[in-house]
Every structure is written in C-alpha cells, then in structure tokens.
Undergrad: 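Sharing a structure below in structure tokens format, with a few things to ask.
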Amino acid sequence: MRYSKLFAPTLREVPAEAEISSHQLMLRAGMMRKVASGVYTYLPLGWRTIDKISDIIREEMNNAGGQELMFPIIQPAELWQKSGRWEVYGAELWRVKDRHDRDFCLGPTHEEIATSLILNDVNSYKQLPLMIYQIQNKYRDERRPRFGLMRGREFIMKDCYSFDRDDAALDVSYHLMYDAYVNIFNRCGLDFRPVKADNGAIGGSSSHEFMVLAESGEAEILYCDTCDYAANVEIADCGKAEIVKEAQLPLEKVLTPECRTIIDVAEFLHMDTMKTMKALFYMADEKPVLIFVRGDRMMNEIKVQNYLGATLFYMGTEEDLHNAGLTQGFIGPCGQNVRVLLDREVAESANLCCGANEEGYHLKNANFGRDFQGEVGHFRLVEAGERCPDCGGSLQSARGIEVGQVFKLGTKYSISMEASYLDENGKANPFVMGCYGIGVGRTMAAAIEQNHDENGIVWPKAIAPFQVVVVPVSEKSERQMKAANDLYAGLREKDVEVLLDDRAERAGVKFKDADLIGIPLRITIGDKSLDQGLLEYKERKSGASGSLDAADAVSEVLRLLEGIE
RNA sequence: CGGGACGUAGCGCAGCUUGGUAGCGCACCUGAUUUGGGAUCAGGAGGCCGCAGGUUCAAAUCCUGUCGUCCCGACCA
C-alpha cells in the first residue's frame, strides 16, 4: 500500500471523548471513527487488524474442528420466546418491528438460531459432534457503552456453538475450544489468563473467561501465586482461614442510638468491624431475603443470586424494607422472620455484634446456632491476600479485559427449544451444547491497551495492519524513491504487508505517523546511508536500530521480521 | 436507569458572568523558502454557536424544553 493513497486520517490531539489509551490511539491513528454512542466505523487500518485477528481465529477454530457459516443478524421473536429469553434478556435486547408490526431483534448472540438450525437438520448421533461458528456483528443495547470498542452497542464477535451427545463429549469439545482460545490469544501476542467465571444470563454449568491483563480492565480477577487457580472475583472461592477459638459470651442488648452503619456501630462500641456483621436486604423474585456478611466484608451478589436461583434480583428499596417489617440500620438475624442467608464466616465466628431489630439497639455476642439460624453458604467477595481454595497459597488481585468466554451450556437450550437427536437405540436425547465467544474488536483494543507507549501503538507483529513501513526521507529524491520502490516491490513479491510512505511530508511527520500507527519495522531510506550502500531500520517495540545492505535489502528485512514478535 | 459534566470549523479549545451578530491553535487549500523526529512566512477556504421555543430593538451569551455525547454507579464479547 502506498501511504499517499491510504485513508488513515491521523490526529495530533487526543479527542476529548476518549478516556482510555486504546480508544484514544485508535482515533488518533485513524483506525476508527464514532458514528453514534457505541457504534463505530472501522477505517482501513483498523479493519486490516480486525481482519488479521479474524484470520487467526478462523485458523484455530477450523483446526479445532469448527465449521464457519453465517447466521442472520435479524432474528424473529418466536425463537426467543421459545427459549424464554424474549422476556428474560430485558432492555439490552435490541428489538425491532417489520412493516407488518411483527417482532424481531438484532442478534446479541445466536444460541436460539443455532439450536433451531440443528433441530431441523441434525437428527442422528452419527452427525455428532458438530461445531459451527461465525464472525459477525452483534447488537446489545447497552445501558452504558464505554471506552470505544471495549463496550459497544454494535460489536464484532466470533461465536461458536458445539453440539454433542453427552456430557463426556461436551467435555472434549469444551477443551478443544479452550485450547484453541489459548492459541488464538497467544498468537495475537496478548498477556492473558483464563479464569473460572460465572455463567450469567447465558446459563449452563461451567465457564471460563479469557482475561487480558490490563489496568483499564473492567473485571477483577484473583489468581494464586503458587498454583494455577484463577477466577473472576465474582465467583472466586477461598480456602478456610484459621478461626480463633473463642468462648461464647452471653448475649447482650446494648443501646446504640443513631448508629446506622457498621462503622458507626464499631466506633460507638469500640470494636473492630470484623467483630460485627452487616445485613444486606434484597428482593429475589419479589420475595425479601436478608444476607449477613462480616462487617468488614463485601457481599457477592452473583453468588447469592446463583444460590437463590433468582431471575429478578435487586437490592430492596425503602418501600420493600418497610413491607418486610425491617428497621433500617438495626437489622439482625436473631428472631428474624425474613429468609436469612449467612455467609459461612458469620456462622463460624463467635460473639459478633448485630442489629437487634429494634430502633436504637444492637446485640453483642451473637452466636450462630445459639442465638440465630439461617442458611449458611459462601456469600461474600473474596479479597486479595486470602488463601487459595486449591492449594492454600496466597491469592493475588489483577484487573483484566474479558476478550473471550467459553461456556458449557448443557441442555438448557436444547430442552427449551426441543432439539434432540436419536441415539443407537432410537431413543431421543437433547443435544448437549457449548458456546464460545470472542470479542474481536475488544481483542484489538485489549492488544493496544497492552502494547503502546507515549508515541503510539506498538503492534504485535501478527496483528499489525502492516509489518513494515518503508520511509524515503524525501519523496523528491529520485534515488531514494528508486530504492524505496524496489524494496517495496521486492517485499510485496514475498507477501510481506508493506506500507510505502511516498507522501510529500517531512521525514519527522512520517516517523511520527509510523510510530503512531505502530508498524513493527521501519526502513528508512536517506542519502547519507545510501551513499554507503546502506538502508536503516528501526524496530518499533525494542527501539533497536541499525543498517542493512541496500543491495540485499529484501532478504535482510525478512530476516529482521523473523526476529520480531 | 440514578448521579455529574459537556455540546461553538475535521480535532483541541476561548468567548457566555456583564446580550450588540464569532475567535485562537492544529489539520486543510495556494505560493515561496525549507527538508533525518509533527518546519517558516504570506495568502485562503471552512461555523444557522446541537435543535426547538421564549425574553429582548438585539441571543453563542439569559430562560424553558428537547436531542446528543462523555464520566461515575447497578449489567455483559
């Protein structure tokens, strides 16, 4: 590509709307432009990288046995009504009507469509396993689109669906995909970690997320410093801490006027917050429930919701609180009429302080079993520094960008959509499914988050829009242009993606742009070195520079490229 | 959806308090001089000041509404 013809409008200044590096750099490097909130045009440079990532994904998916196809974006409401998600998915589902006032949606994901395809065209165990995937735009009417491509309303996703005859076969498919994902993100040059994850709205039995480690990541992960345990904080577990044995003291009711928060109470009674418990009041499918965790801990909504199996789950309003007959600020588990969930730490600790269910009073030395009852479980967020649940090592915290997720769906969709196959005995069984997603644009953004410096993007070679940029210092110098054109032609012949900066710009501008758009290798052609029969190179990432023989430039460049990651 | 902020040229901003009909830097076009890390000078093009009402002789500026955008929280590739 000749730079003079390339449509890549670079910006010197950072657009005010962009907050994080990847968003700023994609705009500055002329890779994309915003059309509406969470909706973007990919310009040629951005699209080339999207293409490179897509190609890597395709190769690995095909190697794992996947077959590419293309589902429609527009999907009829009936399919979603059948699976039950037309109601459950909520406002995020982008609903549209046709001219006959019939309901459709723009696909946020394709479990329904995939299942309905298989339901019609796959009938026998002999056709299994089957793995189908596509790379396509997805639509989610996000409450808050954010950070450019990180969270858009329209985004490019690779989604894959596996159909197997039983759980054991699903295991095989799942691991094939898991390994393919590891390969994909490695090939994209990303520093990432697969972590255990919640299944969320998609449902199913188990799941892993692939997290690219970055400070700007929206997710918090915990990983063990000793073994390979790693999990999203939403579902992270921890090993047991030693409980200091303590004799149970008599229950005592104390006056605590105006002490409505844990901090107030702890200060007023001169005790540590870890000797208190706090009450969280939620509505689960319209029924009130109280969750108690130690005063210094945070409740884990996901774990509680999963435990309750609730679809509608939200923190109770003051009205809900009133209806349940609770006194805000003084809620305790003793003699409680509302359903009580106790974090296991609360059940295991002795002599905690809790609300007395009476305005202005708390109870000291409350003990599980003796003074209060409840369903015990793991209902709190695990924190960095706690014990690894697998090996007892220390858990570390990191932030990550979720670029992919693999799910074991089981029979959730095949049962609701009545998709089954006949086994050897002629008996109908529901397909056992898995689904596997990769955010392609998000992967690109994550790669930039992880690979940039003050001058711009530093692309990993595998996903750079061009591998080499050839920069003649002056486009007016005939011999520079001759050398540049020769090298350009030679590299193209070797299938190297090369950009020839033939613009009538000063060298400084060309260098700045080359750095900004992040081309891994730059070849500079100037009179000084040409006089000695040499060209100059500079590696974007390492900054390493030197000369190479002009007469043998093509093979020298190929050799240099070999050494760049 | 709750909280906060902002909409003035492609991008970054000033002007608004105290109303008088729009300005700066970058980018863009022409010419000259330059030419190895975002050149200099001269000339030029580009804006219904988000939109709609209202107040006023007069509105970018004051008032109301509306739309859009961004950030923080609850949700997810």
Side-chain angles (χ1 to χ4, degrees), chain A residues 9-20 23-24 27-28 30 33-39 53 57 89-93 107-110 135-160 181 197-202 207 209-212 218-219 232 234 282 301-302 305 313-315 317 400-407 435-446 455-456 471-477 480 503-516 522 524-530 536 538 545:
Chain A
T10 55
L11 303 173
R12 294 196 184 192
E13 279 171 294
V14 179
E17 69 183 37
E19 189 76 6
I20 63 170
H23 189 194
Q24 295 177 348
L27 291 171
R28 284 194 56 212
R33 289 292 182 260
K34 186 179 71 181
V35 174
S37 180
V39 180
I53 296 171
I57 292 173
Y89 216 101
E92 228 165 80
L93 188 63
T109 173
H110 283 65
I135 299 176
Q136 189 200 49
N137 279 355
K138 294 286 177 286
Y139 297 83
R140 294 185 192 174
D141 196 358
E142 291 279 347
R143 293 157 188 232
R144 182 142 104 82
R146 242 188 308 194
F147 301 148
L149 295 190
M150 286 292 184
R151 179 171 303 281
R153 293 193 291 172
E154 175 184 81
F155 59 98
I156 302 168
M157 177 163 132
K158 186 284 300 180
D159 47 322
C160 177
Y181 275 38
D198 180 55
N199 277 56
I202 289 185
S207 172
E209 289 166 335
F210 289 76
M211 296 286 190
V212 170
E218 294 185 272
N232 190 311
E234 291 172 346
Y282 276 76
E301 275 198 18
I302 302 254
Q305 185 172 7
F313 187 67
Y314 63 92
M315 193 170 247
T317 62
I401 299 163
E402 185 197 340
V403 289
Q405 188 164 12
V406 291
F407 297 88
C435 76
Y436 317 90
I438 291 179
V440 180
R442 193 184 273 185
T443 299
M444 172 163 77
N455 294 317
V471 182
V473 167
S474 168
E475 91 292 347
K476 285 189 185 134
S477 157
Q480 284 181 27
R503 294 176 300 168
E505 292 285 355
R506 294 162 64 88
V509 172
K510 297 182 187 180
F511 294 156
K512 285 287 184 188
D513 275 336
D515 285 352
L516 177 59
R522 190 183 83 204
T524 307
I525 300 176
D527 286 337
K528 284 182 225 159
S529 37
L530 268 186
E536 295 155 61
K538 184 163 190 191
S545 61

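Here is the naming used below: chain letters follow the sequence lines, and residue numbers restart at 1 for every chain. These values consider heavy atoms only, across backbone and side chains, with no hydrogens, waters or symmetry-generated copies.
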Undergrad: Check the angle between the aromatic planes of A/Y181 and A/F210 and answer parallel, tilted or perpendicular using the 30° and 60° thresholds.
TA: tilted

Undergrad: Would A/R442 pass as a cation-pi partner of A/F155, given that its NZ or CZ must be under 6.0 Å from the six-membered ring centre and within 45 degrees of the axis?
TA: no

Undergrad: Is A/V403 touching bases, backbone alone, or none of the nucleic acid, heavy atoms closer than 4.0 Å?
TA: sugar-phosphate

Undergrad: Which heavy atom of A/L11 sits nearest a heavy atom of A/L27, and at what distance?
TA: CD1-O, 3.9 Å

Undergrad: By the 4.0 Å heavy-atom rule, please label A/V471 as base, sugar-phosphate, or nothing.
TA: nothing

Undergrad: So, does A/R144 get its side chain near the phosphate of B/C71, meaning an N or O under 4.0 Å from OP1 or OP2?
TA: yes

Undergrad: Let me know the distance between CD of A/E301 and P of B/G73, rounded to the nearest Å.
TA: 14 Å

Undergrad: May I ask you to say what A/M315 touches in the nucleic acid, namely base, sugar-phosphate or nothing, with a heavy-atom cut-off under 4.0 Å?
TA: nothing

Undergrad: May I ask you to say what A/F313 touches in the nucleic acid, namely base, sugar-phosphate or nothing, with a heavy-atom cut-off under 4.0 Å?
TA: nothing

Undergrad: Could you tell me how far apart A/R143 (CZ) and B/C70 (C1') are, to the nearest whole angstrom?
TA: 19 Å

Undergrad: For a quick test of reading the model, state the closest non-hydrogen atom pair linking A/E13 to A/R28 and the distance between them.
TA: O-CG, 3.8 Å

Undergrad: Please check the phosphate of B/A27 (OP1 and OP2 only) for any side-chain N or O of A/R12 closer than 4.0 Å.
TA: yes

Undergrad: Quick check for you: among B/G36, B/C76, B/G12, whose closest atom lies nearest to any side-chain atom of A/F511?
TA: B/G36

Undergrad: Quick one: label A/T524 by what it contacts on the DNA or RNA (base, sugar-phosphate, nothing), any heavy atom closer than 4.0 Å.
TA: base

Undergrad: At 4.0 Å (heavy atoms only), tell me whether A/G441 reaches a base, stays on the sugar-phosphate, or touches nothing.
TA: nothing

Undergrad: For A/D141 and B/C76, what is the distance between atoms CG and P respectively, to the nearest whole Å?
TA: 15 Å

Undergrad: Remember a base hit wins even if backbone is also touched, and classify A/D527 as base, sugar-phosphate or nothing at under 4.0 Å, heavy atoms.
TA: base

Undergrad: What contact category does A/E536 fall into here, base, sugar-phosphate, or nothing, at under 4.0 angstrom with non-hydrogen atoms?
TA: base

Undergrad: With sugar-phosphate meaning primed atoms plus P, OP1 and OP2, does A/A36 contact a base, only sugar-phosphate, or nothing at under 4.0 Å between heavy atoms?
TA: sugar-phosphate

Undergrad: Would A/E475 and A/R503 pass as an ion pair if we require N to O under 4.0 Å?
TA: no

Undergrad: Rounded off to whole Å, could you give me the CZ-to-P distance for the A/F155 and B/C75 pair?
TA: 18 Å

Undergrad: Rounding to a whole Å, what distance do you find between A/F147:CZ and B/C72:P?
TA: 4 Å

Undergrad: Report which part of the nucleic acid A/G526 touches: base, sugar-phosphate, or nothing (heavy-atom distance under 4.0 Å, all strands).
TA: base

Undergrad: Below 3.5 Å, does any donor atom in the side chain of A/E505 face an acceptor in the base of B/G38, or the other way round?
TA: no

Undergrad: Could a donor-acceptor pair under 3.5 angstrom be found where the side chain of A/R151 meets the base of B/C76?
TA: yes

Undergrad: Indicate, with a heavy-atom threshold strictly under 4.0 Å, whether A/K34 touches base, sugar-phosphate, or nothing.
TA: sugar-phosphate

Undergrad: Heavy atoms under 4.0 Å, any strand shown: does A/S474 hit a base, just sugar-phosphate, or nothing?
TA: nothing

Undergrad: Does any donor-acceptor pair link the side chain of A/R522 with the base of B/G36 at a separation under 3.5 Å?
TA: no

Undergrad: In Å, rounded to the nearest 0.5 Å, how long is the span from CD1 of A/I438 to CD1 of A/I57?
TA: 4.0 Å

Undergrad: To the nearest Å, give me how far apart CZ (A/R153) and P (B/A77) are.
TA: 18 Å

